[in-house]
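Each remark here refers to the structure printed beneath this line.
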Amino acid sequence: MAYLPHVDDPSVFCDSTAFSDLNSSALLSPSMSEGKAVVGKSSAAPKAPTPGPIFPVLPPAHNFSVLGNPKRFQSYIRTEIPLAFDGNAGSGPMPPPPPPLTEKLQCNVNSVFLNPLIQKPAESLSGTMQWIERDVFPDSKLPVQFSSTKVQSNPKLWNAHSTVIPRPPKDMSEENLRTWLNNIANNLAVTHGIANTVSGRADRSFDSRTATKGPSGGYSKLRKPDISVINRADTLDSTKSKEEQLHWRKIYAFVEVTSNNSSPLSNVLSQISQKAACVFDVQPQREFVCAVGIIGNPSKLEFIFVIVDRAGMTHTPCTEIKSYAALTFLRIIFALCYAKPDTLGWDMSMKVNPETNEVTSIDITSYEYNSTTLTTCTFDVVKLLHSSPILYSRGTRVWIVKDKQGIFYVLKDSWILEASGVSEIQFVRHVEETINNELDGYLFKYTCPSYRIGQECVCSTDTIRGLLAGKPPTRHQRRIVTATIGDPITSFRSKKEFVAMYLDIVNALDFLNTKAMVIHGDLSINNILINRVWNHGPDDSPSRLRSLAFADANTSPNVSSSNDQNNSTSQSAMMSNEALVVQNSAPPAVDDMIGHEGTLEPIEAAGMLIDCDFMQYLHQDTHQTSGTLPFMAIEALKPTDNHQFRHHAGHDLESLLNTMLTICLYTIGPGGKLRVAAAGDDEIKLNEWFTTSRRMVLAATKSITLEAFNTLITPHLPKYWEDFAPFLRELINATWDKKPFLESPNIAKHQAYRDILKRALAKYTLEEKEPLAPYATLPKGKRPIEDSQPLRFSKRLRQSTAEVVVQPRRRDAHFLESYIESGVVPMIVHEACEVDEQAQLDD
């Protein structure tokens, strides 16, 4: 998984790089599926596919580890992570600047790519009018009991003779329907006596301005809800611009309108699905989205009611607004305008800024580590790190958060299939307990995240569906908070550090296999971080522990009977392994060193593994494989003779090798220097790893690429990595002992990888003379506003009490074609397998 900019903040990146949610390569342009760039079209040629990227988009070199040393890196934190120092997280950061004109192309590309992903829900369920009254909008969820008697006695709401709503709209224009719906809502409020008497109730109205210009925000600005449900106060606030009033964050529900009775219902559902995806994209607090479709003409109006969530879509049949259905329609309007936000799908454990509707804090109710007391912990949101744009999936989001004591953590929120049987919370705790209990576990305390708190089921997609039959597979919303915030692996500061980080990962994988008895199952470029350690003693620096871990691996596999004996044996062995010690030390946190230039000094660091979503116990047969397609082992992509597959340690090592190849081919130096495509780069064979969704084809492509290393990889390596090529070649030879790799078993062993990387580290320790890449530097344009020229701010921001206002980041142009999430892949039986078999992943 690599990264992709989030629509609302270019500094937020979604993990991506391949296709695991795609069921057809038709989603790619022909040129993309061949790994070639589209350079344009001539005036005489037919319309060419929209331009897309040649290379996968890798994670930028963010330096989030600075949060472990805030005094030293005040300027960087105030600029890049401003809420870390903000005592009032609810004030919110400055919104991003308006997109440049060139982003119109990006908007079109994103829409073309995402539409096929969100047009059809994974599961569609038929609902009933009784379902709406009993489960979605029962009286207990309304501000007051909905009274059919009062409604039928009001001539403005009910025609007793024809049992319809009187005074239909003049025509099916959005403006007239908006007026009609608002009149109904106002009359319902008067009829139920809540116009001015019920304190604390919601007050929303229907707005048709989004029909002509789509709401701001959202990855698809081309999506325009015909009628949006927004707070009435926002429409009357003259201090807010139209963009602020009509942002996707401000939309509580929406209405789709069509006067074409012959139009298939699927067209209306497709439109609702796409617009619901935009709501989910910018509203993390969403459990589900409500929508109404109004169909027909004023003389015979029909409607459907739709609930969209991470499991799929539930909708009523198209029904004429008449008789009992008319009363249900009025109940829906009443709820949309006056019910509390949680009735419309908001998760109230996420608090939002009342001005911007941005999430400011998140609650988790569960048991903390080594505690038997149920508690609720509140974490203030500091920075969004990852957001999945795919609607019917896990919908994973990851934030940097801080607790009430000001300690920083990582919070992960995702919707997991109930049937998966894998709990990331359990595995994180299991790994941490193993580290704490094993005699040599202390050697790996920097290489795995530590557990803070986790909640297995915040919400279930079954709840809103009530007693309906034929429900789609249930998803549970899971939250977990872990300690240790790392930097992306692309932020390595030298080849010596790069190799040391991978050596740490190999040692950690060996420990997980032999002591925790687990395999990772999803090693990708996004799940390998650099943990920069600021507070350590002379005997527990990452460099020292790395040397001790290597020495321990080269002695007897049985751990000594005491820590003292273990340390003594390891220390004597360390003398012959001086190359393993990367001479780094944390820079002193003195005031005269605090500035915008960051630091050029060495910093102690360790490679760190994250994301235990697909972790498995050893020797466990499963009916599905897991991983991120470009990094998955060849054996995991191939069909089997039965429905069973067993992950082993070699598969994790092969995935690790694939991440190394990716970094070596697509970076040109340390500190996040990413390669820019040039003429001829579309011929790089590795490009196809990131544009191929057919599993067997991808397995064959990987085999061909790796076997022809000297022909297909070495000539394309940037100059910076040329001297590392022999070690890559050795790692490939340590993974397979004969060709073709497609038909040969994976024989990778931790010791073989460890020996190769140790020699590489010794080489760079002696030979690498280039200075370390700067860490936590700030270009002038990103420095805090008090050190730059004043900017002109919006009226709302000028009224803010926040002390520090940061200059907006420039939006980089990236494309959603490179998006993929890791997931599980059902096994294909060999006899039934075809070459074009598609990857069927959960996410």
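Along the sequence shown, residues are numbered consecutively beginning with 1.
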Interatomic spacing from [atom1] in [X] to [atom2] in [Y] - rounded to 0.5 Å:
{"X": "Asn357", "Y": "Asp234", "atom1": "CG", "atom2": "CG", "result": "7.5 Å"}
{"X": "Phe288", "Y": "Phe280", "atom1": "CZ", "atom2": "CZ", "result": "9.0 Å"}
{"X": "Ile425", "Y": "Lys412", "atom1": "CD1", "atom2": "NZ", "result": "10.5 Å"}
{"X": "Ser173", "Y": "Trp180", "atom1": "OG", "atom2": "CH2", "result": "12.5 Å"}
{"X": "Arg223", "Y": "Thr210", "atom1": "CZ", "atom2": "OG1", "result": "13.5 Å"}
{"X": "Lys250", "Y": "Ile230", "atom1": "NZ", "atom2": "CD1", "result": "8.5 Å"}

What verdict does the side chain to side chain contact (heavy atoms under 4.5 Å, CB included) test give for Ser349 and Val458, after you've listed the backbone C-alpha separation in whole Å, the side-chain angles of each residue and the deciding distance to 0.1 Å? CA-CA 9 Å; Ser349 65; Val458 179; 4.2 Å; yes

Looking at side-chain heavy atoms only, is the closest gap between [X] and [Y] below 4.5 Å?
{"X": "Thr378", "Y": "Ile362", "value": "no"}
{"X": "Met313", "Y": "Val306", "value": "yes"}
{"X": "Asp347", "Y": "Asp342", "value": "no"}
{"X": "Pro169", "Y": "Leu301", "value": "yes"}
{"X": "Leu269", "Y": "His315", "value": "yes"}
{"X": "Lys156", "Y": "Arg167", "value": "yes"}
{"X": "Ile321", "Y": "Val164", "value": "no"}
{"X": "Leu142", "Y": "Arg201", "value": "no"}

Would you indicate whether [X], at its atom [atom1], is surrounded by more than 12 heavy atoms from other residues, nucleotides or ligands within a distance under 6.0 Å?
{"X": "Lys471", "atom1": "NZ", "result": "yes"}
{"X": "Glu175", "atom1": "CD", "result": "no"}
{"X": "Leu467", "atom1": "CG", "result": "no"}

Under 6.0 Å from the six-membered ring centre of Tyr338 and within 45° of its axis: does the NZ or CZ of Arg204 meet both?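 No cation-pi geometry.
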
For the pair [X] (side chain) and [Y] (backbone), establish whether a donor and an acceptor sit closer than 3.5 Å, ignoring hydrogens and angles.
{"X": "His247", "Y": "Arg249", "result": "yes"}
{"X": "Ser366", "Y": "Gly454", "result": "yes"}
{"X": "Lys383", "Y": "Trp399", "result": "no"}
{"X": "Asn176", "Y": "Met172", "result": "no"}
{"X": "Thr356", "Y": "Glu358", "result": "yes"}
{"X": "Gln271", "Y": "Pro225", "result": "no"}
{"X": "His192", "Y": "Ser147", "result": "yes"}
{"X": "Thr328", "Y": "Met129", "result": "no"}
{"X": "Thr319", "Y": "Pro317", "result": "yes"}
{"X": "Gln455", "Y": "Thr365", "result": "yes"}

Test of understanding: with side-chain contact (heavy atoms from CB on, under 4.5 Å), list the residues that count as partners of Asn182, not counting sequence neighbours.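 By the side-chain contact (heavy atoms from CB on, under 4.5 Å) rule, Asn182 matches Arg178, Ser205, Phe206.
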
Those residues that, when tested against Asp309, pass side chain to side chain donor-acceptor pair (under 3.5 Å) (two or more places apart):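 Asp309: side chain to side chain donor-acceptor pair (under 3.5 Å) contacts with Arg465.
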
Ion pair check, Arg475 and Glu418, cut-off under 4.0 Å: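 A salt bridge is absent here (no side-chain N lies under 4.0 Å from a carboxylate O).
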
Salt-bridge present (Lys402, Asp380; N to O < 4.0 Å):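 Here Lys402 does not pair with Asp380 in a salt bridge, since their nearest N and O are not under 4.0 Å apart.
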
Intermediate values then yes/no, side chain to side chain contact (heavy atoms under 4.5 Å, CB included), Ile332 and Val292: CA-CA 9 Å; Ile332 293 170; Val292 177; 3.8 Å; yes

Where [X] and [Y] come nearest, the two heavy atoms and their spacing:
{"X": "Leu125", "Y": "Gly470", "value": "CD1-O, 3.3 Å"}
{"X": "Lys351", "Y": "Met348", "value": "NZ-O, 3.4 Å"}
{"X": "Pro473", "Y": "Ala311", "value": "O-CB, 3.8 Å"}
{"X": "Gly217", "Y": "Trp248", "value": "O-CD1, 2.9 Å"}
{"X": "Leu157", "Y": "Thr191", "value": "CD1-OG1, 3.5 Å"}
{"X": "Pro168", "Y": "Pro298", "value": "CB-O, 3.6 Å"}

Aromatic rings Phe334 and Phe146: how do their planes relate, parallel, tilted or perpendicular, breaks at 30° and 60°?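 Rings of Phe334 and Phe146: tilted, 30 to 60°.
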
Between Phe305 and Trp131, how do the two ring planes meet: parallel, tilted or perpendicular, split at 30° and 60°?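 Taking Trp131 first and then Phe305, their aromatic rings sit tilted (interplane angle of 30° to 60°).
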
Testing the 3.5 Å rule here: is there a donor-acceptor pair between the side chains of Ser273 and Tyr392?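 Yes, side-chain donor-acceptor contact under 3.5 Å.
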
Taking atom types as modelled, is there a side-chain donor on Ser460 or Asp462 under 3.5 Å from an acceptor on the other?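 The criterion, which ignores hydrogens and geometry beyond distance, is not satisfied for Asp462 and Ser460.
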
Checking Phe303 against Ile295 for the side chain to side chain contact (heavy atoms under 4.5 Å, CB included) test, could you report, in this order, the C-alpha distance in whole Å, the side-chain angles of both residues, the deciding distance, and whether it holds? CA-CA 6 Å; Phe303 82 100; Ile295 304 163; over 6 Å; no

Can you name the salt bridge (Lys or Arg N to Asp or Glu O under 4.0 Å) partners of Asp207, sequence neighbours left out?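 Expected list: Arg209.
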
Side chain to side chain contact (heavy atoms under 4.5 Å, CB included), that's the test. Do Ile165 and Asn159 meet it? Break it down for me. CA-CA 6 Å; Ile165 301 172; Asn159 184 323; over 6 Å; no

Before giving the answer on salt bridge (charged side-chain N to carboxylate O under 4.0 Å, His left out), spell out for Glu287 and Arg310 the whole-Å C-alpha distance, their side-chain angles and the decisive distance to 0.1 Å. CA-CA 8 Å; Glu287 294 175 350; Arg310 295 296 183 180; over 6 Å; no

